[in-house]
**Q** 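One structure, pasted below without further comment.
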Amino acid sequence: MARRFDLLFRDVMLYDGSGGPARRGDLGVSGDRIAAIGDLAADSGDREILGAGRLALAPGFIDAHTHDDGAILCGADCMECKLSQGVTTAVIGNCGLSLAPAVMRQRPPAPLDLVGGPDSWRFPSFADYADTLRRQPPAVNAYALIGHMSLRVQALDFDVQRPATDREAAQMKAKLEQALDEGASGFSTGLWYPPSQAAPTDEVIAVAEALRSRGGLYVTHMRDEGDGIVDSIEETLKIGRDTGSAVVISHHKCMMPQNFGRSEETLALIDRAAKTQAVDFDVYPYPAGSTALMPDRVAAELPIQISSSEPHPEMAGRMLNDIAAEWGVDARTAAERLLPAAAIYFFMDEGDVRRILAHPRSMVGSDGIPSNDMPHPRLWGTFPRVLGHYARELGLISLEAAVHKMTGLTAKVFGMVDRGSLHAGAYADLVLFDPGTVIDTATFTAPKTPARGIAEVWVNGISSYMAGKGVTGATAGRLVTRNMA
Ligand code: ZN
Ligand code: CU
């Protein structure tokens, strides 16, 4: 009996997200789900797409690390940076920074202010945020973490340069519990950032205790990704063990020249720990990071590029040292004059980036910052760069492994049920791309350019991006919650 699908892909290379070898075949979609995979020659579709054995079909990519809490609410155009890369699901609320649950009486400290402008802090509970996602669906799926810094700034009434009292920690924990009950999936920290630095390990454990009974995930931008990286990994592992939760180390890296090459040591440490507790990590494919501009952290010998500045928007895209020379001041003074601002820091080694990316446990996350005027190119380029540059051009990993790091592996670590995989019954989050040409085009000087080779992208069965046309305007995204079908 011949079947009729809404959408039928004929003769595509199927990258199913498992990391196993791609295979030639057909795939049918009915409604928001994959209905069948295999030889569907006898069947037909309302719309048929011919792959000619050349085009690749993969599960929509999952961006393991984003700061899209605000951008995801502003319509399909704001998500072109994701959809044009094949991304169909974004993990929001990373690095301790989440838009919910939070109401701010004043401008929050950096980098929390990068997540949302003054009018954005209007979600007293996570349920309010989830409700907004239901009423005005986003263009990609969202998977939400609750940020420690967001909770902390409120619980300590902006007096963040000290540890929380037991009472304040209990208040943060209660808010986290409520948010997890309302559809959030985990807890994130950014212990490197000044507004969270004063939080001792015990404070984090007291709050993260909320994860235990709910099976939530602990995700962290660690206290130190430089000289103290080993201690920071140990701290992260302890927080995971003491709260009985799985941990994800965010944007794993080894910062500053004296630490270049130490990923050999850190990856071995993580591998050893993974034998007895759940620990994974994400990485972005560039030897430069980006966050708020912090004058205290300006190291004069390494290049820093300004990505936005409120008092001096004209300086976005320029190097801090050039601005300082033009102004006749030192780099630190120039940085202070540019605040509030964001920047790109060229503080990492390409060898470490490759070693971490090639590790079987690493997931791909962009860490893109959509609010910046001249953002780090990772915002638009991360996924096609891994596929085109690191897999195809350099042969660092196979294309199957690259797809796995952005789909099946990520879905498993985060507990996204029926996503990140091509199987009958899975959600039809799909990306059709040309494995022979897919590549990023975004650069540090022209960062907002769409990838080449991404042909079309579907979110929950709805076409949401087409090469040459851009976003279709569809807003078919949903809130995805850990371990929930
Ligand atoms: Zn971070
Ligand atoms: Cu981040």
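Just follow the structure's listing: the first ligand is 1, and inside any ligand the first atom is 1. In what follows, every heavy atom counts, from backbone to side chain, and hydrogens, waters and symmetry copies are set aside.
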**Q** Relative to the Cu ion (ligand 2), which of the N, O or S atoms in His67 is the closest?
**A** NE2
**Q** Is the shortest distance from a Lys or Arg side-chain nitrogen in Asp181 or Arg214 to a carboxylate oxygen in the other one below 4.0 Å?
**A** yes
**Q** Please check if the distance between the ring centroids of His65 and Tyr284 is under 6.0 Å.
**A** no
**Q** State plainly whether the residues Lys238 and Asp242 are in salt-bridge range, i.e. N to O under 4.0 Å.
**A** yes
**Q** Do His251 and Asn94 meet the criterion of a side-chain donor-acceptor pair at a distance under 3.5 Å?
**A** no
**Q** Taking 2.8 Å as the cut-off, does an N/O/S atom of His221 lie below it from the Cu ion (ligand 2)?
**A** no
**Q** Have a look at Asp367 and say which of its N, O or S atoms is nearest the Cu ion (ligand 2).
**A** OD1
**Q** Looking at His221, which of its N, O or S atoms is the nearest one to the Zn ion (ligand 1)?
**A** ND1
